[in-house]
Each structure stands twice: as C-alpha cells, then as structure tokens.
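What follows is one structure encoded as structure tokens, with my remarks underneath.
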Amino acid sequence: MPRASIPGTPTTLGTPTTPDTPAVPDTPALGGSRWNTFPATGTTLTAREFFTATEPLLQGIVDDIALSSADIAVLEGQIRATLGLGTRETALPLYLGPDSASAARELGAQAETIGQELASWSTEALERLLTDPVPLPAGPLVVRSHCYGHLLTPPAANLLLGRRGGPVSMQLYNEWLHQLVLLRDALLPFTNWQDAPLLITPTGLRHTEPARDAFLTELLVRQIRHTSIVAFARNVVTGTTGPAGYGFEAGGGTALPAVLDQPPLTAPRHLLTWRPDPSVGEAATYVAEVQDYYAAPRTLVEDLPPAITTSGPLAARPVTAPVVDGTRTARIEVTHDGTTAQVDLGQALRGHRFAHHESPAAGDAPGTADAWSALRAPGLVWTQSGDVTLDATAQDDLVVLALLGRLYPENLALRPADHSTGRSAARPAARTTTDGTSPSRLTILVNPTQAH
C-alpha cells in the first residue's frame, strides 16, 4: 500500500504532454463540491496529514459565515464537547467507572487523549485560516452532508444555523465534524496513533463506518474482545477483513500488541502499536497456535524438574513462522547455555491480558517454582496445591512475557519485587479453592524497574 503526502498546493499538475504522450487531466480544483486534498484511492495518510487534507471544509465555514476570531471559542467548545466523554454532545457515550473492563478503560483514555489533541489542531487551524486562507479556485464550497446525529452545543447551533449561518455552513460543518469523529475512532486501537497509516478514499474515512459501527457496538454493550480491536484496526489500515487474530501485517508494517516493546507490568493489555517495516509485503493475520487454552495440555508445578542453577539472565527473541493461507504464528524463543525453549506468542499475549497486577506488599506465596524449568515444560504450567511464586527479577521483558505464555492464564499475577525491606512481607495461607477444582494463583515476580 503506497504512502502519499498531501499535495503542497491545492491543484496538482498532471503529467506534462509531449508529442507522443496524450494529456492527463489535472486534479479538479478545490471549491464547489470538492472539499479535500486527498491523494489517489489506495494511499494512506497519518492523522495529521488527514486533518490537513480536510481543512478546506473549515475554510468554507470561515467564508460562509464570515467567521471572526471571537467565534473560534464557540467552535472549539463544540469539537471538545463532541470528542470528549461524558458530555451531552459526546459522539462516544462510553461510561467509565472503577469497575469498567480494562479494555474499555484503555480505549476510553485513548479517546480522551486523541480527542483533546484533535481539538487543539482544530483551534490552531481556524486561527490560521482567518489570515492565511486555503484558496478555493473553483468557487465557494457547497457540500451535501447527511445528518449523523452529532449534537450541537447551543452557541454552535446559534452560530451555524442562526442569522449568519444556514444550510450551506451547517452541512460543511457537519461533514467536517463527522470526518473528525471517524478519525478519532479510527485511531483508538493504536498507542502511537499519530504514526498509524490510515487508508483514505475519495470520501475520506467513510469507508470505515460499517467496521466502526461493529467495533463501537461491542465496546458499548459487552467486554470487547481483543480480536475485535484487531479487526477494526486492520480495516482502518487496509480496508479489508481477515481471520480473527491478535495482530496483523499489512504493506509497510505490522500492528501487534504494545507489550512487545514495553514492560509487561505497565504496558497496555489491549492496544496495538504500529511498527513500520518496509520489508512487509503481503497481508497476514497473527493467530495463536492453540485457540482454546482451556483444552491445551498442562503440566503441574509439582512435576517440574528440580531448579538448575543458572548464571546470568536468559536470552529471548521473537521468531515468526511462514504465512499460510493468510495467517502466521510466532513464538518467543528463550535460550540459556545452548538450550532453547519456545512459547507461543499468542498465548503469551493472552496471559498478559489475563494477568492480575499485585502490589509489592502482597508478599510471597508459600510455594516457589523455577522460571527456566517452567519455560521448558510441555503445555501450560499450573497447580491446585497452593499459590506459587516464580522469580523473574533478573530477566528482561520478553522473558517475562514468555513466562506469561507458559503459565495457565487463570489466576495469574504479576508483582514487582519489594526490595525496600530486603524481603517481601508475610502473607496469609495460600488462596486455594474449597472444591479443589480451580487453579491456585501463580505469581511472576519482576524487577521494580520493569514497572517504569
């Protein structure tokens, strides 16, 4: 998928003519019904590039209602109300409370952060367009934009529909506001949202509407699945669908969970990071080797081999399998003294999403297990005989992630070591179930520096 920058001038010249080459029509000039500087279909833009390409709509509003600097605060209040959470005018009625699911909290925080930044861009653009207007050589803009139910603040309604406004300015603003809402929502899955490549068509981001509707419906009515976040992100970048998975590749890069280059203790559980990679060509979906972890083979902690004294930290790296029918798997390969253990990356990411976070003062469990022995065990390691701690304080983030993929993910925890007292505080008796059928807690102890 080729990348494209926004043209530097409103009109892009066509291919020069020669006696042997027929003329290629120039790009239509801005004005009339042409309200954007989007490049050809099939290209991608970053958020900032997309925003800049929609500025002619703002220019049309400035011209139609003779906008003054005193009016900017009204439109700024409108965009902040639309992109904010908890307002009457919000375009995302997502309630966030202390008991909200972690995915909803992460996506809600994204919405707030991105919305505030887009609102700031909007105010800056309006201030600039008052003195440095976008030329509209084809005449004043007149755009038909269907109503999408975005509520206006009373001051904005008065400005756009009152004596100075009317149908022209209202529809120009409606189209611009809707494109900004689509932009904010398209960026929600990405930690580095300003770098994510967005597929653009002649109608902007309207092609994302069906996928966006499905994504937001699931976010608002149930605990959204990670595969649904990935599916929406893939549609935003490629405009296509694909198998359910935990990440994907597209032309020019990969979108995989953020924890791959952040500490597991503090990394987002559900968000993706776009990682540019010019070597990526064909599209592919990353899938877990075992879809139902409950049915995967297991090894009891009590059956692990005795701990082996290891010198120094373990080494880990991700390795990928070839693409087969549009999907691929990946593993974390951990080595020590010439011995290698491999853990499915999909299961590791599942473990990271499921793991609880404990306070350093929680104290050690009565039982312990060796991290290297666990990593080499077949299947998923678990126990029903009492809580167990695995010490990974000397290991790097990728080794910790591999451990999260080797341990049975129900009743799994991450805890930073408490070095302030030289040892962890005492803890009550092991948390075991009365019927003996549920797994006891497995806690991975990590270095406190991995929490930053």
Side-chain angles (χ1 to χ4, degrees), residues 1 3-4 6 36 38-39 41-55 57 79 82-85 90-94 103-104 106-122 145 148 150 174-220 224 226-242 247-248 250-258 268 270-276 283:
M1 186 182 304
R3 287 297 307 278
I6 295 175
N36 62 71
F38 296 147
T41 299
T43 56
T44 60
L45 299 177
T46 63
R48 187 76 206 208
E49 291 168 340
F50 177 84
F51 179 90
T52 302
T54 65
E55 286 186 3
L57 281 171
I79 189 62
T82 300
L83 297 182
L85 299 183
T90 184
L92 181 59
L94 177 65
E106 289 183 9
L107 291 167
Q110 284 281 97
E112 291 277 21
T113 299
I114 298 169
Q116 291 172 8
E117 187 68 11
L118 295 183
S120 297
W121 292 359
S122 303
S145 177
Y148 287 90
H150 299 307
N174 184 73
E175 184 64 30
W176 178 80
L177 185 63
H178 189 57
Q179 292 286 345
L180 262 287
V181 170
L182 293 176
L183 175 61
R184 188 275 308 273
D185 294 344
L187 300 170
L188 292 180
F190 301 101
T191 57
N192 56 339
W193 58 268
Q194 296 204 41
D195 301 322
L198 308 174
L199 179 68
I200 306 301
T201 72
T203 58
L205 286 168
R206 286 182 177 274
H207 69 93
T208 67
E209 288 175 337
R212 169 183 175 266
D213 289 348
F215 168 72
L216 293 184
T217 298
E218 186 165 326
L219 174 62
L220 295 174
I224 190 168
H226 180 70
T227 53
S228 298
I229 298 174
V230 173
F232 180 54
R234 176 173 47 223
N235 183 271
V236 165
V237 173
T238 69
T240 63
T241 60
F248 65 92
T254 62
L256 287 166
H270 308 276
L271 302 181
L272 308 175
T273 297
W274 175 258
R275 299 170 176 86

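In this text the structure is predicted, and so the values were computed from the model without any measurement.
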Original post:
Taking side chain as C-beta onward, heavy atoms only, is Thr46 less than 4.5 Å from Asp195?
Top reply: no

Original post:
Atom CG of Leu199 and atom CG of Asn235: how far apart are they, to the nearest 0.5 Å?
Top reply: 8.5 Å

Original post:
Taking only residues two or more places apart in sequence, or in another chain, which ones meet Arg184 in a side-chain hydrogen bond (donor to acceptor under 3.5 Å, both in side chains)?
Top reply: none

Original post:
Taking atom OH of Tyr148 and atom CG of Leu182, what is their separation to the nearest 0.5 Å?
Top reply: 8.5 Å

Subject >> Ala111 to Leu85 - nearest heavy-atom pair and separation >> reply: CB-CD2, 4.4 Å

Original post:
Can you name the ring pair (Phe, Tyr, Trp, His ring centres under 6.0 Å) partners of His207, sequence neighbours left out?
Top reply: none

Original post:
How about Thr54 and Gln179: does a side-chain donor come under 3.5 Å of a side-chain acceptor?
Top reply: no

**OP:** Carefully, step by step, assess Ile200 and Leu205 under the rule side chain to side chain contact (heavy atoms under 4.5 Å, CB included).
**Re:** CA-CA 6 Å; Ile200 306 301; Leu205 286 168; 4.0 Å; yes

Original post:
Residues two or more places apart in sequence or in another chain: which of them pass side-chain contact (heavy atoms from CB on, under 4.5 Å) with Thr227?
Top reply: Arg225, Ala244

Original post:
Residues two or more places apart in sequence or in another chain: which of them pass ring pair (Phe, Tyr, Trp, His ring centres under 6.0 Å) with Phe232?
Top reply: Phe215

Original post:
Within a strict 4.5 Å, meaning less than it, do heavy atoms of the Leu118 and Ile79 side chains meet?
Top reply: no

Subject >> For Glu112, salt bridge (Lys or Arg N to Asp or Glu O under 4.0 Å) partners two or more places apart >> reply: none

Subject >> With sequence neighbours excluded, residues passing side-chain contact (heavy atoms from CB on, under 4.5 Å) with Asn36 >> reply: Phe38

Subject >> Minimum heavy-atom distance Val237-Pro197, with the two atoms named >> reply: CG2-O, 3.4 Å

Subject >> Minimum heavy-atom distance between His150 and Val181, given as atom pair plus value >> reply: CE1-CG2, 3.9 Å

**OP:** Starting at CD of Glu55, measure out to OG1 of Thr52 and round the result to the nearest 0.5 Å.
**Re:** 5.0 Å

Original post:
Just how far is it from atom CG of Leu220 to atom CG of Leu92, taken to the nearest 0.5 Å?
Top reply: 6.0 Å

Would you give me the side-chain donor-acceptor pairs under 3.5 Å for residues 185-194, sequence neighbours excluded?
| residue | atom | partner | partner atom | Å |
| --- | --- | --- | --- | --- |
| Asp185 | OD2 | Arg212 | NE | 2.6 |
| Asp185 | OD2 | Arg212 | NH2 | 3.0 |
| Thr191 | OG1 | Leu272 | O | 3.4 |
| Thr191 | OG1 | Thr273 | OG1 | 2.6 |
| Asn192 | OD1 | Trp274 | N | 3.0 |
| Asn192 | ND2 | Trp274 | O | 2.7 |

Subject >> Residues that Thr113 engages under side-chain hydrogen bond (donor to acceptor under 3.5 Å, both in side chains), provided they are two or more places apart >> reply: none

Original post:
What residues, two or more places apart in sequence or in another chain, satisfy side-chain hydrogen bond (donor to acceptor under 3.5 Å, both in side chains) together with Thr217?
Top reply: none

Original post:
What residues form a side-chain hydrogen bond (donor to acceptor under 3.5 Å, both in side chains) with Gln110, not counting sequence neighbours?
Top reply: none

**OP:** Quick one: list whatever passes salt bridge (Lys or Arg N to Asp or Glu O under 4.0 Å) with Arg206, sequence neighbours left out.
**Re:** Glu175, Glu209

**OP:** Report yes or no: does Thr238 contribute a side-chain atom to a donor-acceptor pair with the main-chain N or O of Thr240 at less than 3.5 Å?
**Re:** yes

**OP:** Side-chain contact test, heavy atoms from C-beta onward, threshold under 4.5 Å: evaluate it for Phe51 versus Ser122 and give yes or no.
**Re:** yes

Original post:
What's the shortest heavy-atom distance between Thr90 and Gly84, and which atoms?
Top reply: OG1-O, 2.6 Å

Subject >> Side-chain touch Leu183/Leu198, heavy atoms, less than 4.5 angstrom >> reply: yes

Original post:
Sequence neighbours excluded, which residues qualify as salt bridge (Lys or Arg N to Asp or Glu O under 4.0 Å) partners of Glu106?
Top reply: none

Subject >> side chain to side chain contact (heavy atoms under 4.5 Å, CB included) between His270 and Leu107, intermediate numbers included >> reply: CA-CA 8 Å; His270 308 276; Leu107 291 167; over 6 Å; no

